[in-house]
Amino acid sequence: MTTTLASTTPTATSIAAAAPRPGIEPATLEPAALARLAVDAIASEALLTPKPGLVDGNGRGSHDDMNLQMLLRSSEALLPTFEGLAGLGQQQLSRQQLRDRVGVLGRSGEGAMLQATDGVNTHRGALWAVGLLVTAAASSATEDETLARAAELAATADSAGPPPRSSHGQKALRAHGVSGAVGEAVAGFPHIVDVALPALRSSLGRGESVERARLRTLLALIATVDDTCVLHRGGAAGLRWMQRSARRAESAPDFDHALRAFSDEADRRRLSPGGSADLLAGAIFLDSLRFHLQENDHAHV
Ligand SMILES: CC(C)(COP(=O)(O)OP(=O)(O)OC[C@H]1O[C@@H](n2cnc3c(N)ncnc32)[C@H](O[C@H]2O[C@H](COP(=O)(O)OP(=O)(O)OP(=O)(O)O)[C@@H](O)[C@H]2O)[C@@H]1O)[C@@H](O)C(=O)NCCC(=O)NCCS
Ligand SMILES: Nc1ncnc2[nH]cnc12
């Protein structure tokens, strides 16, 4: 049985009321519905405000070459790629065949993103993380299975791929010995599983708003991720400052004031936690998947 996506917007109360359940069935969602959830997750991250160093509803953060409209255009441009990835995930292919076809589609998605942004790298990391999760979710019965399949896909060599390019991430990886976007995926997205989803769900469980829960989740990620975007611009000292500031803001008595101050200072220092933003989108995607499946499930009771 396949289910199309109900056009419902999660509210704090409805999400908090939905207890985790084993045995949910992502594989019953149509590729188009999975793709819409993926794009919505990436767009929700962009719209979340205020964020330290990142583009948000207040402005460009520490990015001279991006703005919110560009990020929203870029998210929407990824819709056909996500739908194609979910379709691939549902085909009977060997692991290697699937990896190679995902690589081809992922690179063409990067092309669509760059066309929508006149060449600016807005969402390479989001396409990588959420693309793997969408592919995996299309044929998985639980959240754990989705994460395990995504990790397996990331760990499989892309035999159709070009030689690795010299990206900011590659340079940070060499200079600082961190594992970056690839290491995160191969390890099964530990920052989504152990940091982001617990932060998101515990905040929602306490009755906080969806927006507050996502801001707390972003801070929890910034405090722990070795973000190659921060390393590229600020080196090890920049990363240490970013992580310490996120921890302080997270536990400050006046959360809104502390987050605003952190955001202003990160903008001023020109530091941007783009990797944490992408992992937040991944966590929102997984959580929204669970929410919609529960909604659909309840509708059938
Ligand atoms: C395998 C790929 C990820 C490519 O690998 P590559 O080594 O080229 O990529 P990296 O640079 O290492 O990382 C890619 C992006 O991942 C985000 N990221 C950073 N750290 C982490 C982390 N610890 N965990 C998870 N994710 C992380 C980050 O993306 C965000 O930052 C982008 C802006 O970055 P950049 O342009 O470098 O920096 P700016 O500050 O904007 O530049 P300046 O203004 O200073 O000039 C932004 O896009 C955010 O998304 C990293 O950039 C993968 O892409 C790949 O192989 N693709 C091939 C196709 C494929 O197989 N796809 C499969 C799935 S679809
Ligand atoms: N909100 C954002 N601002 C800048 N870069 C990003 N990469 C992913 N999300 C981003």
Side-chain angles (χ1 to χ4, degrees), residues 38 41-68 70-72 74-75 78 81-82 84-85 88 98-111 113-114 117 119-136 150 153-154 156-162 164-174 176 178-187 189-192 218 221-222 224-234 239 267 270-282:
I42 294 174
S44 313
E45 177 279 305
L47 287 161
L48 192 66
T49 305
K51 296 191 297 285
L54 296 158
V55 175
D56 63 16
N58 287 341
R60 296 166 183 266
S62 63
H63 293 267
D64 295 331
D65 56 355
M66 296 181 198
N67 61 36
L68 184 57
M70 182 191 279
L71 286 191
L72 296 177
S74 162
S75 321
L78 295 176
T81 301
F82 287 132
L85 288 169
L88 279 179
L98 179 61
R99 178 64 188 93
D100 291 348
R101 292 192 198 177
V102 162
V104 170
L105 202 47
R107 279 186 291 281
S108 101
E110 256 183 60
M113 170 195 80
L114 293 173
T117 62
V120 178
N121 170 18
T122 44
H123 283 127
R124 179 172 291 141
L127 172 58
W128 165 250
V130 180
L132 291 169
L133 291 171
V134 166
T135 310
L153 205 51
T156 306
D158 175 7
S159 51
R165 64 196 143 200
S166 175
S167 62
H168 292 156
Q170 294 285 331
K171 286 180 197 152
L173 201 136
R174 280 195 297 273
H176 303 282
V178 297
S179 60
V182 176
E184 176 71 22
V186 170
F189 294 102
H191 286 93
I192 293 185
L218 178 63
L221 284 166
I222 296 173
T224 51
V225 170
D226 287 333
D227 197 314
T228 58
C229 300
V230 180
L231 283 168
H232 155 66
R233 293 212 192 164
L239 183 65
D267 293 358
R270 315 300 292 162
L271 294 175
S272 172
S276 291
D278 297 334
L279 293 171
L280 173 64

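Order of appearance sets the numbers: ligands from 1, and atoms from 1 within every ligand. Keep in mind that the numbers below use all heavy atoms, side chains included, and drop hydrogens, waters and symmetry copies.
- By the 3.5 Å distance cut-off applied to N or O atoms, Thr122 is counted among the residues near ligand 2.
- Met66 approaches Met70 most closely through the heavy-atom pair CA-SD, 3.8 Å.
- Counting protein heavy atoms only, atom 2 (C) of ligand 2 is closest to Leu71 CD1, 3.5 Å.
- Closest of all the heavy-atom pairs between Thr122 and Ser74 is OG1-OG, 2.7 Å.
- If you number the atoms of ligand 1 from 1 as listed, the ones under 4.0 Å from a heavy atom of His232 come out as 45 (O).
- Protein heavy atom nearest atom 27 (C) of ligand 1, with residue, atom name and distance: Gly275 CA, 3.5 Å.
- Remark: among candidates Ser74, Gly180, Gly183, the nearest residue to atom 22 (C) of ligand 1 is Gly180, based on non-hydrogen atoms.
- Each of the atoms 48 (O), 50 (O), 54 (O) of ligand 1 lies under 4.0 Å from some heavy atom of Arg124.
- In terms of protein heavy-atom proximity, atom 44 (O) of ligand 1 is nearest to Arg233 NH2, 3.2 Å.
- For the residue pair Ser159 / Asp100, a side-chain donor-acceptor distance below 3.5 Å is found, with atom types taken as modelled.
- By the 3.5 Å distance cut-off applied to N or O atoms, Ala277 is not counted among the residues near ligand 2.
- At the top of the distance list for atom 65 (S) of ligand 1, counting protein heavy atoms only, stands Leu127 O, 3.6 Å.
- In terms of protein heavy-atom proximity, atom 29 (O) of ligand 1 is nearest to Asp278 OD2, 2.9 Å.
- Close contacts between ligand 1 and Asn121 involve ligand atoms 32 (C), 33 (C), 34 (O), 35 (P), 36 (O), 47 (C), 48 (O) [criterion: under 4.0 Å to a heavy atom].
- Atoms of ligand 1 found under 4.0 Å from any heavy atom of Asp226 (numbered from 1 in listed order, with element): 23 (N).
- For ligand 1, the atoms lying closer than 4.0 Å to a non-hydrogen atom of Arg99 are 61 (O).
- Nearest protein heavy-atom contact of atom 4 (C) of ligand 2 is His63 NE2, 3.4 Å.
- Contacts between Thr122 and ligand 1 below 4.0 angstrom, taking non-hydrogen atoms only, involve the backbone exclusively.
- If you look at His123 next to ligand 1, the close heavy atoms, those under 4.0 Å, all belong to the backbone.
- Heavy atoms of Cys229 approach ligand 1 to within less than 4.0 angstrom.
- Those atoms of ligand 1 with a heavy atom of Val102 less than 4.0 angstrom away are 63 (C), 64 (C).
- With hydrogens left out, the protein atom closest to atom 6 (P) of ligand 1 is Ser167 OG, 3.4 Å, a heavy atom.
- Contact atoms of ligand 1 toward Gly125: 15 (C), 16 (O), 17 (C), 29 (O), 50 (O) (distance under 4.0 Å to a heavy atom of the residue).
- Ion pairing between a basic and an acidic side chain is recognised when a charged N comes within 4.0 Å of a carboxylate O; Arg107 and Asp158 show such pairing.
- Looking from atom 9 (N) of ligand 2 to the surrounding protein, the closest heavy atom is Glu45 OE1, 2.8 Å.
- The Ala126 neighbourhood of ligand 1 comprises atoms 50 (O), with distances under 4.0 Å to a heavy atom of that residue.
- If you look at Val182 next to ligand 1, the close heavy atoms, those under 4.0 Å, all belong to the side chain.
- Scanning all protein heavy atoms for the shortest distance to atom 3 (N) of ligand 2 gives Val55 N, 2.9 Å.
- For atom 57 (N) of ligand 1, the choice among Arg101, Glu110, Arg107 with the nearest heavy atom turns out to be Glu110.
- Nearest heavy atoms, Ala157 versus Arg99: O-CG, 3.6 Å.
- Nearest protein neighbour of atom 10 (P) of ligand 1, counting heavy atoms only, is Gly169 CA, 3.7 Å.
- What sits closest to atom 42 (O) of ligand 1 on the protein, heavy atoms only, is His168 CE1, 3.4 Å.
- With a 4.0 Å cut-off on non-hydrogen atoms, Val225 touches ligand 1 through its side chain and not its backbone.
- In this structure a side-chain-to-backbone donor-acceptor pair under 3.5 Å is missing from Arg101 to Leu88.
- Residue contacts with ligand 1 for Ala181 involve both N, CA, C or O and side-chain atoms from C-beta outward (heavy atoms, distance under 4.0 Å).
- Nearest protein heavy-atom neighbour of atom 7 (O) of ligand 1: Gln170 NE2, 2.7 Å.
- Taking atom 8 (C) of ligand 2 as the reference point, the nearest protein heavy-atom neighbour is Asp278 OD1, 3.3 Å.
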